[in-house]
Novice: 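One structure coming up, written as structure tokens, with questions to follow.
Quick note on labels: first sequence line is chain A, next is B, and so on, each numbered from 1.
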Amino acid sequence: MVAMREGLGRPGRVTREIVLPAPPEAVWESLTRPDQLSSWLGSGVELDPRQGGVLRLEKDGAIRFGVVEEARPFEYLAFRWRVLVGGPHGSVPGPGTRVEFFLRPKDRGTHLRVEETLLSPSSLVSAHAPAGAMR
Amino acid sequence: MKPRGMNGVFFALADSTRREVIRRLSEEGPVTVSDLARRLPVTRQAVAKHLSALAEAGLISAEQDGRRTRYHLTPGPLAEAMGWMAEVGAEWDDRLQALHRHLQSKGP
């Protein structure tokens, strides 16, 4: 498979890399146009791909909300997001995280790196954490 | 506020000596400060400080064994942190494969 896995890296961060068969311009469209995001990230995607723009999507019955932090066309996209997990007592917010996409041309395609990082402890409210593990 | 929960775990594991302490506790079971200080290239005071940071993060707990204090792993928060990384990693594996397929289907 084309996705590559890194070691543990920085604690609290997940990193993935992939080489995609399209130039950065086309990959950027796939990352920022709601109609294209709907074919790989989730359904009913809403995204205003500018700083402060809002992101909303659904996947497997869960809803994600986010806010764009930075968008440099064809190079870099960053947003914060959080999933609302449905539970027996209604929706519970998952931990807030920052997602960053780094794009660079690679041969005739694009090397894409994705990082998802936990935000500060105060933003961390886990739906699955045992009570007492979170204060 | 001391970091707790998953971020507390990541804070605790950000230090190589603390990771080594965790590794030894997982392999050797409950140990005392002196046990660890004999085997690690740091002072007894440093070991005690690391143990207290790990206990603060909820990764280890102390138990009294007569006059000695022994430390053992409490796997809850560790499992939580590893679970988060595994879950989010698997999500991105799936998404990036879907993105790859999406771009292939669009063609050049």
Novice: Just so I know, are the side chains of A:Thr97 and B:Trp84 near enough to count as touching, which here means a heavy-atom distance under 4.5 Å?
Specialist: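 Side-chain contact under 4.5 Å: yes.
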Novice: A:Leu112 vs B:Leu99, test: side chain to side chain contact (heavy atoms under 4.5 Å, CB included). Steps then yes/no.
Specialist: CA-CA 11 Å; A:Leu112 176 69; B:Leu99 173 60; 3.8 Å; yes
Novice: Going by heavy atoms in the side chains, are B:Lys106 and A:Glu29 under 4.5 Å from each other?
Specialist: yes
Novice: What is the distance from atom CE of B:Met85 to atom CD of A:Glu116, rounded to the nearest 0.5 Å?
Specialist: 10.5 Å
Novice: More than 12 heavy atoms of other residues, nucleotides or ligands under 6.0 Å from CZ of A:Arg108: yes or no?
Specialist: no
Novice: Applying a criterion of heavy atom separation less than 4.5 Å, what residues of residues 35-48 of chain A form contacts with chain B?
Specialist: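 Within residues 35-48 of chain A, the residues that come under 4.5 Å of chain B (heavy atoms only) are A:Gln36, A:Ser39, A:Trp40, A:Leu41.
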Novice: Evaluate B:Trp92 against A:Ile18 for side chain to side chain contact (heavy atoms under 4.5 Å, CB included), listing each step before the verdict.
Specialist: CA-CA 10 Å; B:Trp92 281 111; A:Ile18 190 171; over 6 Å; no
Novice: If you count heavy atoms of other groups shown closer than 6.0 angstrom to CZ of A:Arg50, is the number above 12?
Specialist: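 For A:Arg50, atom CZ is not crowded (no more than 12 foreign heavy atoms under 6.0 Å).
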Novice: Of all heavy-atom pairs between B:Gln104 and A:Pro21, which one has the smallest distance, and what is that distance?
Specialist: CG-CG, 3.9 Å
Novice: Looking only at heavy atoms, what is the nearest atom pair of A:Arg16 and B:Gly89, with distance?
Specialist: NH2-CA, 3.4 Å
Novice: Between B:Leu54 and B:Val42, is there shared hydrophobic-cluster membership here, with clusters defined by ILVMFWY side-chain heavy atoms closer than 4.5 Å?
Specialist: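 Same cluster: B:Leu54 reaches B:Val42 through Ile, Leu, Val, Met, Phe, Trp or Tyr contacts under 4.5 Å.
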Novice: Find out if a path of hydrophobic residues (ILVMFWY) with successive side-chain heavy-atom gaps under 4.5 Å connects B:Tyr71 to B:Leu40.
Specialist: yes
Novice: Membership question, hydrophobic clusters at under 4.5 Å side-chain separation (ILVMFWY): are A:Phe102 and A:Phe79 in the same one?
Specialist: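 A:Phe79 does not cluster with A:Phe102.
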